[in-house]
Amino acid sequence: EWLAAIPLVQMMAIANVLSVLQNNSYLIYMVKGRPRTTTWVSGSFALVQLALVMLFLERFGVVGVAYGTLVSRLLIAPVESALLTRTLGMRFREIAQALWRPTLACAVMAAGLHELMTMLGQREPHVGLLLAVVLAGAAVYVATLGALWLLAGRPEGGERLILGMIKNYRRRESRDP
């Protein structure tokens, strides 16, 4: 009975990933003294989403809500990126350099989880299975991100910061009796 919800959940998951990438930009606009930009982007997104959800809902039913949300996120993403790069005085290339490793790691994780779920087939969902899938996803993401960081020559970024924190913790633990 839950199989019909799979396409809905998949599309909403993708839309929510885009949402996470876009929703924090309002903080930057506020800090830079540009609250109107936040209002403009949020209002534009709401209007586009409303129009697309209504259009797709009529044609595809409940799954149309997910289609409308996903397509509206995809449409607003380049506009949001252009506004953000301009506000920060950065080039798109600089932002892409910071995001390519986590984005690729996320894609590898998604592909790996899709393959894992295909291999597992349809099983009765339970907490143990959910926990195993979450841990597998986290392991694939961390391993892929680490490998990409090494291949990129260990550039400055979150990976280096986390490794530094782990080293500091280990040093403190080794000194404490």
Does anything in residues 48-67 pair up under side-chain hydrogen bond (donor to acceptor under 3.5 Å, both in side chains), and if so which pairs, sequence neighbours excluded?
->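 Of all non-adjacent pairs touching residues 48-67, those that pass side-chain hydrogen bond (donor to acceptor under 3.5 Å, both in side chains) are Gln49-Thr69.
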
Does any pair with a residue in residues 108-118 pass side-chain hydrogen bond (donor to acceptor under 3.5 Å, both in side chains), and if so which ones, sequence neighbours excluded?
->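 Listed by first then second residue: nothing to list.
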
Each residue besides Phe92 in its hydrophobic cluster should be listed here, by chain and number; the cluster joins Ile, Leu, Val, Met, Phe, Trp and Tyr at side-chain heavy-atom distances under 4.5 Å.
->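 Grouped by the 4.5 Å side-chain rule, Phe92 forms a cluster of one, so the answer is none.
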
If you group Ile, Leu, Val, Met, Phe, Trp and Tyr whenever their side-chain heavy atoms sit less than 4.5 Å apart, what else falls in with Leu151?
->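 Hydrophobic cluster check, Leu151: no partners found.
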
Any chance CE of Met54 has more than 12 other-residue heavy atoms, nucleotides or ligands included, within less than 6.0 Å?
->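 It does not: Met54 CE has 12 such atoms or fewer within range.
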
What distance separates [X] [atom1] from [Y] [atom2], expressed to the nearest 0.5 Å?
{"X": "Glu173", "Y": "Arg171", "atom1": "CD", "atom2": "CZ", "value": "13.0 Å"}
{"X": "Leu88", "Y": "Leu83", "atom1": "CG", "atom2": "CG", "value": "11.0 Å"}
{"X": "Ile14", "Y": "Ser19", "atom1": "CD1", "atom2": "OG", "value": "13.5 Å"}
{"X": "Ile28", "Y": "Thr37", "atom1": "CD1", "atom2": "OG1", "value": "11.5 Å"}
{"X": "Asn16", "Y": "Arg73", "atom1": "CG", "atom2": "CZ", "value": "7.5 Å"}
{"X": "Lys32", "Y": "Arg86", "atom1": "NZ", "atom2": "CZ", "value": "14.0 Å"}

Considering only heavy atoms from C-beta outward, does the side chain of Leu163 approach that of Trp149 to under 4.5 Å?
->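 Result yes, sub-4.5 Å side-chain heavy-atom pair found.
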
Leu148 and Trp100, any side-chain heavy atoms less than 4.5 Å apart =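 Yes, at least one pair of side-chain atoms sits under 4.5 Å.
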
Determine the minimum heavy-atom distance between [X] and [Y], stating which atoms define it.
{"X": "Leu84", "Y": "Ser25", "answer": "CD1-CB, 3.9 Å"}
{"X": "Ala136", "Y": "Leu116", "answer": "CB-CD2, 4.0 Å"}
{"X": "Leu75", "Y": "Val79", "answer": "O-CG2, 4.1 Å"}
{"X": "Met109", "Y": "Val140", "answer": "CA-CG1, 3.7 Å"}
{"X": "Val48", "Y": "Ser72", "answer": "CG1-CB, 3.8 Å"}

Under a single-linkage definition using a 4.5 Å side-chain heavy-atom cutoff for Ile, Leu, Val, Met, Phe, Trp and Tyr, are [X] and [Y] assigned to the same hydrophobic cluster?
{"X": "Leu74", "Y": "Leu50", "value": "no"}
{"X": "Phe56", "Y": "Val63", "value": "yes"}
{"X": "Ile95", "Y": "Val41", "value": "yes"}
{"X": "Val53", "Y": "Val71", "value": "no"}
{"X": "Met117", "Y": "Val108", "value": "yes"}

Pairs in or reaching into residues 145-167: which pass salt bridge (charged side-chain N to carboxylate O under 4.0 Å, His left out), with residues at least two apart or in two chains?
->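 Qualifying pairs, neighbours excluded: Arg101-Glu159, Glu156-Arg160.
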
Quick one: list whatever passes ring-ring contact (aromatic ring centres under 6.0 Å, His included) with Phe45, sequence neighbours left out.
->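 Listed in chain order: nothing, the list is empty.
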
Give a yes or no on whether the backbone of Tyr141 and the side-chain of Thr144 come within a donor-acceptor separation of less than 3.5 Å.
->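 Absent.
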
Does the Ser44 side chain pair with the main chain of Trp40, one donor and one acceptor, at a distance under 3.5 Å?
->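 Checked: pair present.
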
